[in-house]
Amino acid sequence: MIHDILTKLETAENPVAQVIQKNECGKTIVIAFKKGMVLKEHKTDIPARLIVIKGEVVFKINGKEEVLKLYDEKIIPINELHSVVANEESLCLLFK
């Protein structure tokens with residue numbers, strides 16, 4: 001499945017996100033980025049955790065920026081505007 005996401009990323013102009021697992025407890029999403037891609041500002045309405053499994057991204061929230069590198073993780077607060085920018089080709093797992 002991740003191979004498919006990376007194939008889609010080759011021609012994408014925006015980050016590629018795909019649900020890879022979903023059940024009654026929540027879901028897991030893979031988000032793939034090319035260097036410089038931006039996941040625009042948005043909010044989550046349920047608790048979420050972002051984990052970098054390849055590359056490096058910048059997590060932006062409330063005027064603050066945090067660089068997340070390989071295996072770093074970030075708890076994403078509910079109902080807070082945030083965005084993600086890729087410093088290099090990156091893959092992240094999002095648990096909701």
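The structure displayed is predicted, hence computed values, not measured ones. Computation of the quantities below employed the complete heavy-atom set of this structure, encompassing side-chain atoms and omitting hydrogens, waters and symmetry-equivalent molecules.
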Let me check something: do Ile53 and Val57 share a hydrophobic cluster, defined by ILVMFWY side-chain heavy atoms less than 4.5 Å apart, either directly or through other members? yes
In this structure, CD of Glu88 is separated from NZ of Lys69 (nearest 0.5 Å) by 9.0 Å
Asn23 (side chain) donor-acceptor with Gly26 (main chain) under 3.5 angstrom: yes
Query raised in the report: Do the side chains of Val85 and Val52 join up, straight or via other hydrophobic residues, at under 4.5 Å, putting them in one cluster?
Result: no
Exercise. Could you please spell out the steps behind the side-chain contact (heavy atoms from CB on, under 4.5 Å) verdict for Lys96 and Thr44?
Key: CA-CA 9 Å; Lys96 290 180 129 188; Thr44 181; 3.3 Å; yes
Distance col, row Lys8:NZ vs His3:NE2, nearest 0.5 angstrom, shows 14.0 Å
d(Cys92 SG, Asp72 CG) to nearest 0.5 Å is 10.0 Å
Hydrophobic cluster membership, with links at side-chain heavy-atom distances under 4.5 Å among I/L/V/M/F/W/Y: are Val67 and Leu50 in one? no
_When you group the ILVMFWY residues by side-chain heavy-atom contacts below 4.5 Å and let the links chain together, are Ile2 and Leu9 in the same group?_
yes
Exercise for review: Just do the side-chain contact (heavy atoms from CB on, under 4.5 Å) check on Val84 and Val58 with the steps written out, would you?
Suggested key: CA-CA 6 Å; Val84 180; Val58 178; over 6 Å; no
Quiz item: Would you say Ser90's side chain and Glu56's backbone share a donor-acceptor pair under 3.5 angstrom?
Solution: yes
Residue pairs passing the salt bridge (charged side-chain N to carboxylate O under 4.0 Å, His left out) test with at least one member in residues 19-47, sequence neighbours excluded, are none
Output for pair (Leu91 CG, Leu70 CG), nearest 0.5 Å, gives 10.5 Å
Practice prompt. Check the pair Ile76, Leu94 against side-chain contact (heavy atoms from CB on, under 4.5 Å), reporting the backbone distance first and the verdict last.
Written response: CA-CA 10 Å; Ile76 302 171; Leu94 180 65; 3.8 Å; yes
Separation between CD (Gln18) and CD1 (Ile31), nearest 0.5 Å, reads 11.5 Å
side-chain contact (heavy atoms from CB on, under 4.5 Å) for Lys74 and Arg49? Distances and angles first, verdict last.
CA-CA 6 Å; Lys74 182 69 179 174; Arg49 177 185 307 257; over 6 Å; no
When hydrophobic residues are tied together by side-chain contacts of less than 4.5 Å, even through go-betweens, does Val16 share a cluster with Phe33? yes
The complete set of side chain to side chain donor-acceptor pair (under 3.5 Å) pairs with one or both residues in residues 75-86, sequence neighbours excluded, reads His42-His82, Asn62-Glu80
Value for NZ (Lys54) from CG (Leu6), rounded to nearest 0.5 Å, stands at 6.0 Å
By side-chain contact (heavy atoms from CB on, under 4.5 Å), Ile20 pairs with (sequence neighbours left out) Met1, Ile5, Thr28, Val30, Leu93
